[in-house]
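Data block below; observations after.
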Amino acid sequence: MRDFSNDHSALALNTATLGHNVEGFGAGWSPEQVIDSCAARGFGGVVFWRREIGSNAASIGRRAREAGLSVTGLCRAPFLVGPLAPVGRQAVLDDFRSAVDMAADLTAEVLTIVVGGVEPGTKGMAESLKIVADRLSDVCGYAETAGVKLALEPLHPVYGGDRSCLVTLRDAVSLCDVVAAPNLGVAIDVYHVWWDTELAAQLERAGGNRIFGFHLCDWLAETKDVLLDRGMMGDGVADIRGIRGAVEAAGYGGLCEVEVFSKDNWWKRDPNDVLDVLVDRFRAVC
Ligand code: ZN
């Protein structure tokens with residue numbers, strides 16, 4: 001397991017941590033300001049959301065590389081199924097391909113996928129997961145040609161209804177097996193998997209060449225809002241170092257991306273202070 005106690009070159013910022021991806025929150029930093037501030041602190045990478053990029057993907061990607069940062073990922077593909085997905089198969093696939101194009105222009109290593117919830121008119125997870133597999137199969141080849149890896153991020157089961165019918169790493173790896181595309185893998189987010197006692201076994205089943213991302217935050221014991229009250233690493237009950245150990249034992253050696261949605265705490269602070277805290281916590285508790 002890597003020793004981060006004196007080295008945060010594997011630390012990446014997901015800009016959600018600064019409130020950027022939600023209307024009305026955040027300090028309003030431009031992507032360029034985010035890049036410069038992360039580079040000045042020695043971060044290894046940055047992860048953007050599509051709404052921040054607009055039509056400037058190529059120039060933002062270039063700016064990051066010139067600053068010495070990798071664009072570790074892009075959030076995210078549209079929901080592929082469920083009540084929040086674009087309406088109709090073709091609309092989903094069109095937007096999915098647009099997200100792939102943006103990731104390619106940005107030279108983002110990975111496009112993250114949150115699959116969406118239970119498809120209207122159906123019940124339970126099984127039918128929705130079949131639709132997800134079909135839509136993934138349609139776009140994986142397009143993404144491969146564009147040089148973009150696709151990372152399925154299973155979410156905590158509390159989001160099963162509207163945001164993700166994919167709620168365990170077990171099902172995410174099974175979906176990878178079904179679709180069987182070389183550029184399809186998984187992203188592991190502490191917030192979504194910390195409770196799963198099967199995690200280490202499923203990470204081993206996934207294998208290092210299918211783990212495309214690792215997301216850091218914490219689960220607050222008395223969380224007030226499962227969407228927007230994530231904890232900073234060290235403030236909650238997740239065994240972050242244990243999870244990282246299992247992720248690395250499975251073969252992952254990439255960047256670790258901090259993703260803290262926190263509207264009443266971290267999003268209210270000066271982004272400079274937040275970035276400093278990330279470095280401290282990464283070294284101390286991750
Ligand atoms: Zn995540």
Side-chain angles (χ1 to χ4, degrees), residues 10-22 25-26 43-52 70-80 84 99 103 108-117 149-160 162-169 171-173 175-176 184-196 199 202-203 206 210-220 223 225-233 235-236 238-240 243-244 246-247 250 252 254-263 266-267 274 278 281-282 286:
L11 170 62
L13 173 76
N14 183 310
T15 59
T17 305
L18 304 182
H20 283 185
N21 68 319
V22 178
F25 293 100
F43 281 52
V46 62
V47 177
F48 289 108
W49 288 67
R50 283 166 78 189
R51 65 188 298 275
E52 300 171 274
S70 88
V71 181
T72 315
L74 177 66
C75 295
R76 55 183 165 68
F79 293 123
L80 306 183
L84 305 177
E109 294 167 18
V110 169
L111 174 65
T112 302
I113 302 171
V114 174
V115 301
K149 292 199 269 188
L150 303 174
L152 290 166
E153 182 168 346
L155 300 198
H156 190 286
V158 74
Y159 300 109
D162 60 352
R163 290 175 179 266
S164 181
C165 59
L166 188 66
V167 297
T168 60
L169 180 57
D171 288 351
V173 177
L175 198 46
C176 291
L184 182 64
V186 296
I188 310 299
D189 187 321
V190 166
Y191 196 73
H192 299 303
V193 303
W194 70 274
W195 56 273
D196 187 353
L199 183 64
Q202 292 299 330
L203 285 165
R210 291 198 292 188
I211 301 173
F212 293 164
F214 179 47
H215 306 172
L216 293 169
C217 61
D218 211 334
W219 182 281
L220 298 175
T223 187
D225 178 337
V226 290
L227 192 60
L228 300 178
D229 187 31
R230 290 191 183 199
M232 183 61 68
M233 297 87 74
D235 290 346
D239 177 12
I240 296 171
I243 294 171
R244 182 166 73 83
V247 168
Y252 183 74
L255 296 187
C256 306
E257 156 190 346
V258 177
E259 187 181 29
V260 178
F261 296 77
S262 171
K263 77 177 167 63
W266 297 97
W267 288 359
V274 176
L278 295 193
R281 296 292 181 92
F282 186 76
C286 295

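Just so it is clear, the values below take in all heavy atoms, side chains as well, and ignore hydrogens, waters and symmetry mates. Just follow the structure's listing: the first ligand is 1, and inside any ligand the first atom is 1.
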task: Look at the aromatic rings of Tyr252 and Phe214 and report parallel, tilted or perpendicular, splitting at 30° and 60°.
output: perpendicular
- line: What lies under 2.8 Å from the Zn ion (ligand 1), restricted to protein N/O/S atoms, is Glu153 OE2, Asp189 OD2, His215 ND1, Glu259 OE1
query: Between CD of Glu153 and CD1 of Ile188, what distance do you get to the nearest 0.5 Å?
result: 8.5 Å
4.5 Å side-chain heavy-atom contact, Leu13 and Leu18: yes
- request: Determine, stepwise, if the pair Arg230 / Asp189 fulfils salt bridge (charged side-chain N to carboxylate O under 4.0 Å, His left out).
  value: CA-CA 12 Å; Arg230 290 191 183 199; Asp189 187 321; 3.2 Å; yes
query: Taking Arg163 for the side chain and Val158 for the main chain, is one N or O donor matched with an acceptor at less than 3.5 Å?
result: no
message: Using the ring pair (Phe, Tyr, Trp, His ring centres under 6.0 Å) criterion, which residues pair with His192? Sequence neighbours excluded.
response: Tyr159
